[in-house]
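Atoms considered below: every heavy atom in the structure, side chains included; atoms not considered: hydrogens, waters and symmetry mates. Fair warning: this is a prediction, and the values are worked out from it, not measured in the lab.
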Amino acid sequence: MRGTRRVFERLTLHLTERRIGLIGDNGAGKSSLFRLLCGLDRPDAGWVRVHGLDTASERRQLPRHIGLMFQNPDDQIIFPTVAEELAFSLMAQGAARAAARAQAKDFLAQRGLSDWAGRAVGELSQGQRQQVCLLALQICSPRTLLLDEPFASLDLPSQARLSAQLAATEQQVVVSTHQLDTVRDFERVLWLADGQVRADGSGPAVCAAYVDDVRARADVEQRHGVPHA
Ligand SMILES: Nc1ncnc2c1ncn2[C@@H]1O[C@H](COP(=O)(O)OP(=O)(O)OP(=O)(O)O)[C@@H](O)[C@H]1O
Ligand SMILES: [Mg+2]
């Protein structure tokens with residue numbers, strides 16, 4: 001449940017592939033599924049296990065195993081500067097404050113971003129804040145990365161960089177997106193619709209099915225007008 005709304009019912013999923021895409025209309029349940037997977041929300045019934053851990057009873061151990069890059073950076077970022085935010089991620093995994101700060105600075109330096117360390121997060125653009133969220137996840141290197149519409153605000157060079165990083169990473173990656181090109185070649189894509197899995201299969205097949213469905217709905221709307229929710 002989210003608020004008073006039942007988002008998922010009888011949902012059973014085993015997510016074992018290394019690259020999984022998550023697609024579907026606004027409100028389909030993509031972000032809600034991520035919140036369940038990383039332990040931010042608990043299922044009202046049933047259970048979620050991640051790398052053998054129950055997300056409700058073993059939540060404290062989860063950060064080493066799974067991490068979420070939020071769709072909205074302002075929901076994720078807590079600290080005033082970039083270095084503090086990155087250090088906080090490490091501290092959530094048990095690192096001591098001084099070691100975490102030093103590692104955060106090194107991590108930024110390795111990426112040519114030393115000047116970001118002391119920058120006020122509130123003075124960064126939306127896309128830059130999204131990059132901070134991604135860095136805060138990458139510095140922790142959990143076994144599974146959940147990326148909720150990570151391409152949405154990135155400029156083209158950053159999108160290309162992220163795609164290359166995703167292609168190269170050894171970790172399991174689950175990406176939600178409305179930019180189908182970014183997941184079309186994934187071994188598995190899930191199409192969510194109203195909290196249900198509408199299709200589950202190879203990236204090319206599921207993306208094509210979703211595009212066909214969107215086209216069909218657009219045709220109906222053109223002929224009969226936009227349906228009211
Ligand atoms: N904070 C909330 N409180 C109550 N209901 C919520 C909340 N956030 C989302 N919902 C509801 O949960 C359902 C799934 O929303 P969710 O955010 O998971 O969709 P989404 O697929 O991520 O959509 P988008 O593409 O817009 O990001 C929707 O019906 C939405 O209205
Ligand atoms: Mg969402």
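- Under a hydrophobic-cluster definition in which Ile, Leu, Val, Met, Phe, Trp and Tyr are linked whenever side-chain heavy atoms come within less than 4.5 Å, directly or via other members, M91 and I139 are assigned to different clusters.
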query = Please walk me through it: do F70 and L40 pass side chain to side chain contact (heavy atoms under 4.5 Å, CB included)?
reply = CA-CA 11 Å; F70 284 58; L40 267 177; 3.4 Å; yes
For residues 100-123, tabulate all N or O donor-acceptor pairs below 3.5 Å that involve a side-chain atom, not counting sequence neighbours.
| unit_1 | atom_1 | unit_2 | atom_2 | d |
| --- | --- | --- | --- | --- |
| R111 | NH1 | F107 | O | 3.2 |

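- With values rounded to the nearest 0.5 angstrom, R129 atom CZ is found 8.5 Å from C133 atom SG.
- In this structure the side chain of L154 reaches within 4.5 angstrom of the side chain of Q131, judged on heavy atoms.
- Distance check, rounded to the nearest 0.5 Å: CD of Q76 to CG of L137 gives 7.0 Å.
- Although no hydrogens or angles enter the test, the distance criterion places a donor-acceptor pair under 3.5 Å between the side chain of Q128 and the main chain of S125.
- Residue pairs that meet the side-chain hydrogen bond (donor to acceptor under 3.5 Å, both in side chains) test with at least one member in residues 10-23, sequence neighbours left out, are E17-R188.
- Not a single donor-acceptor pair under 3.5 Å links the side chain of T169 to the backbone N or O of L166.
- Within the 4.5 Å cutoff, no side-chain heavy atoms of P73 are placed close to those of V132.
- Evaluation of the side chain to side chain contact (heavy atoms under 4.5 Å, CB included) rule for A208 yields no partner, not counting sequence neighbours.
- Across all non-hydrogen atoms, the minimal contact from L162 to F151 is CD2-CE2, 3.8 Å.
- The line from CD of E149 to OG1 of T182 is 9.5 Å long, rounded to the nearest 0.5 Å.
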message = For a side chain to side chain contact (heavy atoms under 4.5 Å, CB included) check, start with the C-alpha distance between L37 and L15, then their side-chain angles and the critical distance, and finish with the verdict.
response = CA-CA 10 Å; L37 292 175; L15 303 176; 3.9 Å; yes
task = Applying side chain to side chain donor-acceptor pair (under 3.5 Å), run through Q165 and Q138 and close with a yes or a no.
result = CA-CA 10 Å; Q165 283 171 356; Q138 289 174 325; 3.0 Å; yes
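- Between atom CD of residue E221 and atom NE2 of residue H224 there is a gap of 10.5 Å, rounded to the nearest 0.5 Å.
- I77 and L124 fall within the same hydrophobic cluster, where Ile, Leu, Val, Met, Phe, Trp and Tyr residues are linked whenever their side-chain heavy atoms come under 4.5 Å apart, directly or through other members.
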query = Run the side chain to side chain donor-acceptor pair (under 3.5 Å) check on E84 and T81 step by step: do they pass?
reply = CA-CA 5 Å; E84 285 172 291; T81 68; 2.7 Å; yes
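- In this structure, the side chain of D194 does not engage the main chain of Q196 through any donor-acceptor pair within 3.5 Å.
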request  = Show the numbers, then the answer: is there a side chain to side chain contact (heavy atoms under 4.5 Å, CB included) between L147 and T177?
outcome  = CA-CA 9 Å; L147 307 179; T177 186; over 6 Å; no
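- Side chain of Q171 to backbone of L145: no donor-acceptor contact under 3.5 angstrom is found.
- Applying the ring-ring contact (aromatic ring centres under 6.0 Å, His included) definition to pairs two or more places apart or across chains, those involving residues 152-193 are W191-Y210.
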inquiry  = As a quick check of understanding, evaluate salt bridge (Lys or Arg N to Asp or Glu O under 4.0 Å) for R217 and D25, giving each step before the final call.
reply    = CA-CA 12 Å; R217 283 185 283 154; D25 292 359; 2.5 Å; yes
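- Between the side chain of Q130 and the main chain of S153, a donor-acceptor pair closer than 3.5 Å is present.
- In this structure, F79 is not a member of the same hydrophobic cluster as M69, with clusters built from ILVMFWY side-chain heavy atoms closer than 4.5 Å.
- Panel note: side chain S176, backbone K30; no donor-acceptor pair is recorded below 3.5 Å.
- No option in I23, V183, V174, V197 other than V197 meets the side-chain contact (heavy atoms from CB on, under 4.5 Å) test with L190.
- By the 4.0 Å N-to-carboxylate-O rule, D219 lies too far from R215 to be salt-bridged with it.
- A distance of 8.0 Å separates SG in C140 from CG in L86, rounded to the nearest 0.5 Å.
- There is a path of hydrophobic side-chain contacts, each under 4.5 Å, that joins L13 to L36.
- Linking ILVMFWY side-chain heavy atoms closer than 4.5 Å, directly or via other members, places V173 and L180 in a single hydrophobic cluster.
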Just distance, no hydrogens or angles: give the donor-acceptor pairs under 3.5 Å from side chains in residues 50-67, sequence neighbours left out.
| unit_1 | atom_1 | unit_2 | atom_2 | d |
| --- | --- | --- | --- | --- |
| H51 | NE2 | T144 | OG1 | 2.7 |
| D54 | OD1 | A56 | N | 2.9 |
| D54 | OD1 | S57 | N | 2.9 |
| D54 | OD1 | S57 | OG | 3.3 |
| T55 | OG1 | V48 | O | 3.4 |
| E58 | OE1 | D54 | N | 2.7 |
| R59 | NE | G39 | O | 2.9 |
| R64 | NH2 | Q93 | O | 3.0 |
| H65 | ND1 | R143 | NH1 | 3.4 |

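- The distance from atom CG of L135 to atom CD of E85, rounded to the nearest 0.5 Å, is 10.5 Å.
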query = Checking side chain to side chain contact (heavy atoms under 4.5 Å, CB included) for the pair F34/L22: CA distance, chi angles, key distance, verdict?
reply = CA-CA 10 Å; F34 281 152; L22 202 54; 3.8 Å; yes
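- Residues that satisfy the side chain to side chain contact (heavy atoms under 4.5 Å, CB included) test with D185, not counting sequence neighbours, are absent from this structure.
- Atom CZ of R42 is surrounded by 12 or fewer heavy atoms from other residues, nucleotides or ligands within 6.0 Å.
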Residue pair S202, E187: steps toward the side chain to side chain donor-acceptor pair (under 3.5 Å) verdict = CA-CA 5 Å; S202 74; E187 52 194 312; over 6 Å; no
